[in-house]
**Q** 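Here's a structure for you.
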Amino acid sequence: MDVSHLLDELNEAQREAVTARDGHVLVLAGAGSGKTRVLVHRLAWLIQVDHVSPLGILAVTFTNKAAGEMRERTGQLLQVSTRPLWIGTFHGIAHRLLRMHWKEAGLPEQFQILDSEDQQRLLRRIIRDEGMDEAHWPARQAQWFINARKDEGERPQHIEHLDHPVTSTWVHIYRLYQDYCNRGGLVDFAELLLRAHELWLEQPDLLDHYRKRLRHLLVDEFQDTNSIQYAWIRMLAGSTGRVFVVGDDDQSIYGWRGAKVENVQLFGRDFPDVMTVRLEQNYRSTGNILDAANALIAHNQSRMGKNLWTAGESGKLIQLYTAFNEQDEARFVVDQLQQWLDSGRRADDGAILYRTTAQSRLFEEYLLRENIPYRVYGGQRFFERTEVKDALAYLRLLLNPNDDAALERVINKPARAIGEKTVSFIRLQARESGLTLWQAANECLSQGKFATRAGTAVAAFIRLIEDMRERMKDWTLGNQMQGAIDDSNLAAHYEKEPRERMETRFENLRELVNAADAFILPQEDAEAGLDELQSFLSHAALEAGETQGESWDDCVQLMTLHSAKGLEFPLVYMVGMEDGLFPHQRSVEDAAGRLEEERRLCYVGMTRAREQLVLSYAEIRRMHGSENFCRPSRFIDEIPAEYLEEIRPRTSSRQPWVSARPSPVRGGANTEWPFRLGQVVAHPKFGEGTVMSFEGSGEHTRVHVNFPAIGAKWLVLAYANLQAR
DNA sequence: TCCATTGACGTTTTT
DNA sequence: CGTCAATGGA
C-alpha cells in the first residue's frame with residue numbers, strides 16, 4: 001500500500017514516532033513542533049498500515065476541544081468515518097464506561113454528574129449542617145481537599161494521619177459528602193475517574209475485556225496527567241497494550257491541580273522498551289523568540305531537556321516596555337495595537353496574555369476607549385449560567401428526584417413558600433434517617449410532620465415534579481425543556497430582577513430550548529444505554545459549552561497565560577511582567593518547584609508568538625488598593641539581552657522615577673525609602689535578604705524583603721531595623 | 001422576601 | 001481598588 005501521503009508531510013523525528021513498529025512511544029513534543037499532527041498521523045498509520053481495527057484504539061485528551069480537533073483531523077486525513085474510534089477526554093471516557101457498567105460500578109442507572117459549582121454548594125451545605133464555622137472550614141478548601149484525594153486515588157479510609165486534627169476533619173467531611181453523593185446517585189468530576197479506575201480494579205473480567213479490545217492507547221498532553229489518570233492508563237495497558245504518549249515537560253503548568261510532570265519520567269520506568277522521540281523543530285515562531293524561550297527554560301533544573309530550533313528567520317527582537325504604571329502599560333499596548341491595525345493587520349492576530357484574570361480589566365477599558373474589538377477568554381460558560389442550571393435542575397429531578405443538589409437548587413425557585421425553615425427541617429429529617437431530601441420530604445408528608453402551610457407547599461412541589469415527569473415522558477427533548485421552564489414558572493423568579501439581566505436570562509433560556517431541540521443523541525451515548533435526556537444532561541456537565549455566543553471574528557484576544565496554551569498568534573503581548581505578579585508571589589513563597597512551573601508558564605507564553613513578542617511591566621502598580629513598587633520579573637533577566645529591544649517610555653525626563661532597568665529603581669524625589677529595590681539588606685533576626693517592593697508611606701511604610709532562608713516577609717520599615725549591605 | 005449596605009478577600013482552570 | 005457573598009433592615 002502506498003503510504004507516502006502519510007509520511008510526506010512529516011519531518012524525520014515525526015516520522016520516527018508515527019511509524020514506530022513495536023513497544024511504547026514517548027514523544028517529547030516541544031511547543032509548535034507538530035504534536036497534533038503526529039498524533040493524527042499515528043492514528044492513521046495504525047489503521048491504514050498496521051491494519052489495526054479502529055475499535056481497538058483509544059485516544060485520550062484533556063479537553064473536548066482537543067478531542068474534537070483530533071477526530072476532525074483524523075477524519076480529513078483518512079477520509080473514512082472516525083466514529084468507531086474511541087477519542088475523548090479522560091472524563092468523557094470514564095463517564096461512558098460508568099454508564100455502560102453502572103451496575104458493576106455500584107451506581108444507580110440515573111446517576112447525575114455534579115459540576116464543581118454543585119459540588120461546592122453541597123459541601124457548604126454539609127459543613128453548615130455539621131454546625132462548623134464556615135470561616136474556619138471553607139467549602140472551597142473542602143472541595144480542594146476532596147478532589148486532591150480523589151485525584152490521588154484515595155478514599156477516606158485510605159487517608160492516614162488521622163491524628164492530625166485538621167486532616168481528620170476534612171476526612172470527616174469527605175466521608176459525609178461521599179455518603180450524600182452515593183445516596184443521591186451523584187458523581188463529581190474526580191469521582192468519574194476514580195470510579196472508572198475502581199471499576200477495573202474490582203472487576204477483573206471487565207478489565208480483561210477492555211485490555212483485549214483496546215490494544216492501542218494514545219495520550220495527548222501527557223505532562224498534565226494526574227495520578228489516577230496515569231494509574232488508569234497503566235491498568236488498561238496491562239502487559240499487552242501499546243501506549244503512545246505525547247507531551248512536553250516544559251509546558252507542564254497544571255501541577256497545582258494535581259498534574260504530575262513526573263509521570264513523563266515514570267513512563268520510561270514503568271513501561272518496558274520505551275522509545276523516546278524528541279520533536280524540536282518548531283514551525284511557529286521566529287528564531288529570536290525560540291532562542292529567548294530556550295534560554296529562559298534552561299534555568300529550570302528538572303527537565304528532560306530539549307532545544308527548539310527553526311529553519312525560518314531570526315525575525316524581530318523581543319520588545320520590552322517599562323511602563324510607569326499599569327495605565328501607562330495598557331495605553332502603550334493599545335496604542336501599539338492600533339498601529340498594528342493601521343498597518344493593515346488583523347485584530348485577531350494580536351493577543352494580550354496576563355497572569356491573573358483581574359488584569360484584563362484595564363486593557364478592556366483602553367481597548368473600548370479606542371474602539372478596538374476584543375474578546376476575553378474564560379468567564380462563564382453557557383451551561384454554567386444560573387438560569388440554565390436552574391432549568392436543567394428541573395430536568396434532573398425528572399430523571400432522578402434523589403438528586404439533592406438539583407432539589408436544593410429549585411425547591412423554592414420561583415418562590416413557592418418553601419422557605420429556609422422548611423428546607424432545613426427536611427434536611428434535618430434526611431440527615432437523621434439517612435434519606436435523600438426527596439425521600440425525607442415524602443416521609444415527612446406521610447407522617448404529617450409539617451405545619452399545615454409548609455406541608456401544602458411541599459406537597460405541591462412534589463406533585464409538580466411528578467406531574468411533569470408523567471406528562472412529559474414521551475415528549476421530545478426540546479418540548480421537555482420548554483415544558484420544564486413553563487411548568488416550573490421559573491420566569492416568575494427572573495422577572496423580579498433588573499430589566500437587562502432578566503432579558504439575558506430569558507434569552508439564554510430560549511437558547512437552551514434551541515439547544516435541546518437541536519440535540520441529537522450521539523451514537524456512542526446510545527450504545528452506552530443513555531436516552532436523549534440523560535445524554536443531554538451529561539453533555540451539559542461534561543462540556544459546559546462556549547464561553548459566549550459572542551462573535552468570534554477579528555477581535556484582539558485577551559486571556560490568561562494558562563488559557564493560551566495550545567494557541568498561537570502573530571503578535572503576543574505578555575503584560576505585567578513583574579516579580580510578585582509573574583512569577584506570582586504565592587508561587588515564589590511556596591517552595592517545591594512552584595517557581596519552575598511559573599517559568600514554564602512564561603515559556604508557554606513566549607512560544608505562543610509567531611512574529612513579534614512584546615513584554616511589558618509597570619514600575620508602580622496599584623494592587624488591592626495600595627501602590628506597589630515593582631521589580632521587573634526575574635524571567636526578564638533570564639532572557640539574554642541580545643534578544644531584547646528596550647522601548648523607553650515617552651519622555652523619561654518628566655518621570656519622577658528612573659527606570660529599573662538596567663539600573664535598579666531609586667527612591668527619586670521621595671526620600672522615604674532608604675533602600676533601592678533589589679538591594680541586599682540585613683535584618684537582625686532573619687539575616688540577609690533582597691528588597692522587593694515598598695508599600696504605604698510615612699510611619700506605615702512597609703517593605704517586602706525576600707530572605708533566602710525563610711522566604712519573603714513584609715516588614716514595617718519603622719520597626720524592622722534594616723541595615724543596608 | 002427584597003435590595004442595599006457591609007465585610008472579607010485578592011493565582012492559574014478543565015472536566 | 002473591585003468583587004462577591006453574607007447580613008440585615010424595610
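Lettering follows sequence order; numbering is per chain, from 1.
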**Q** Counting any heavy atom closer than 4.0 Å, what does Glu134(A) reach on the DNA or RNA strands: base, sugar-phosphate only, or nothing?
**A**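 Nothing, no nucleic acid heavy atom in range.
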**Q** With nearest nucleotide decided by heavy atoms, which residue, Thr560(A) or Ala135(A), maps closer to the 5′ end of DNA chain B?
**A** Ala135(A)
**Q** Can you tell me how far P of dT14(B) sits from NZ of Lys65(A), to the nearest Å?
**A**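 Lys65(A) atom NZ is separated from dT14(B) atom P by 10 Å.
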**Q** Ignoring hydrogens and angles, does a donor from either the side chain of Arg257(A) or the base of dT13(B) sit under 3.5 Å from an acceptor on the other?
**A** yes
**Q** Report yes if some heavy atom in the side chain of Tyr180(A) is under 4.5 Å from a heavy atom in the side chain of Leu186(A); otherwise report no.
**A** no
**Q** Starting from P on dT11(B), measure out to CZ on Phe582(A) and report it in whole angstrom.
**A** 15 Å
**Q** Looking at Trp144(A), I want to see if its CH2 is surrounded by more than 12 non-hydrogen atoms of other residues, nucleotides or ligands under 6.0 Å.
**A**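 No, not enclosed.
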**Q** Is there a donor and acceptor pair, one atom on the side chain of Ser116(A) and one on the base of dT15(B), closer than 3.5 Å?
**A** yes
**Q** In whole Å, measure the gap between the P atoms of dT13(B) and dC4(C) for me.
**A**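 Comparing P positions in dT13(B) and dC4(C) gives a spacing of 15 Å.
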**Q** Would you mind checking if Glu117(A) and Arg121(A) are paired as a salt bridge, meaning a charged N to carboxylate O distance below 4.0 Å?
**A**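 Salt bridge between Arg121(A) and Glu117(A), a charged N being under 4.0 Å from a carboxylate O: yes.
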**Q** Less than 4.0 angstrom between a side-chain N/O of Asn64(A) and OP1 or OP2 of dT14(B), yes or no?
**A** no
**Q** When rounded to the nearest Å, what value does the distance between C1' atoms of dT11(B) and dA6(C) take?
**A** 24 Å
**Q** The side chain of Trp256(A) is closest to which nucleotide in this list: dT15(B), dT13(B), dT11(B)?
**A** dT13(B)
**Q** Among the candidates dG10(B), dT12(B), dT15(B), find the nucleotide nearest to the side-chain atoms of Glu384(A).
**A**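 Closest nucleotide among those given: dT15(B).
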**Q** Is the base of dT11(B) stacked against the aromatic ring of His584(A), taking ring centres under 5.5 Å apart and planes under 30° as the test?
**A**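 Whether judged by distance or by angle, His584(A) passes, so it stacks on the base of dT11(B).
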**Q** According to a strict under-4.0 Å criterion, is Asn412(A) in side-chain N/O contact with OP1 or OP2 of dT1(B)?
**A** yes
**Q** Pick one for dT12(B): is it syn, with its angle within 90° of 0, or anti?
**A**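 Because its glycosidic torsion lies more than 90° from 0, dT12(B) adopts the anti conformation.
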**Q** To the nearest Å, how far apart are Asn226(A) CG and dT15(B) C1'?
**A** 11 Å
**Q** In terms of ring plane angle, is the pair Tyr354(A) and Phe363(A) parallel, tilted or perpendicular, where the classes change at 30° and 60°?
**A**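 It falls in the parallel class, under 30°.
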**Q** Starting at atom NE2 of His493(A), determine the distance to atom C1' of dC2(B), rounded to an integer number of angstrom.
**A** 11 Å
**Q** Do Tyr617(A) and Phe582(A) make the cut of ring centroids closer than 6.0 angstrom?
**A** no
**Q** Hey, does the side chain of Arg586(A) come within less than 4.0 Å of dT11(B)'s phosphate (OP1/OP2), counting only N and O?
**A** yes
**Q** Would you kindly give the CG-to-P distance between Leu192(A) and dT14(B), to the nearest whole Å?
**A**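 So the two atoms are 17 Å apart, to the nearest Å.
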**Q** Determine: side-chain N/O of Arg128(A) to OP1/OP2 of dA6(C), distance under 4.0 Å, yes or no.
**A** yes
**Q** Using whole Å, what does the distance between atom P of nucleotide dT14(B) and atom CD of Gln143(A) come to?
**A** 15 Å
**Q** Are any of Thr357(A)'s side-chain N or O atoms less than 4.0 Å away from OP1 or OP2 of dT12(B)?
**A**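 Answer is yes, contact under 4.0 Å.
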**Q** Roughly, in whole Å, what's the span from CG in Leu542(A) to C1' in dT15(B)?
**A**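 It works out to 7 Å between those atoms.
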**Q** Answer yes or no for this row: Tyr254(A) ring on dT13(B) base, centroids under 5.5 Å, planes under 30°.
**A**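 Not stacked: fails the 5.5 Å / 30° test.
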**Q** Tell me: CD of Gln359(A) to C1' of dG2(C), nearest whole Å?
**A**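 From Gln359(A) CD to dG2(C) C1': 14 Å.
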**Q** For Ala415(A) and for Ser563(A), locate the closest nucleotide of DNA chain B by heavy-atom distance; then report the residue assigned to the nucleotide nearer the 5' terminus.
**A**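 Upstream on the strand: Ala415(A).
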**Q** Quick one: is the NZ or CZ of Arg375(A) closer than 6.0 Å to the six-membered ring centre of Tyr377(A), and within 45° of its axis?
**A** yes
**Q** Do Leu193(A) and Trp232(A) touch side chain to side chain, with heavy atoms closer than 4.5 Å?
**A** no
**Q** Classify the nucleic acid contact of Arg622(A) as base, sugar-phosphate or nothing, counting any heavy atom under 4.0 Å across all strands shown.
**A**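 Sugar-phosphate, backbone atoms only, no base.
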**Q** With respect to the side chain of Thr63(A), which nucleotide from dT11(B), dT15(B), dT12(B) is positioned closest?
**A** dT15(B)
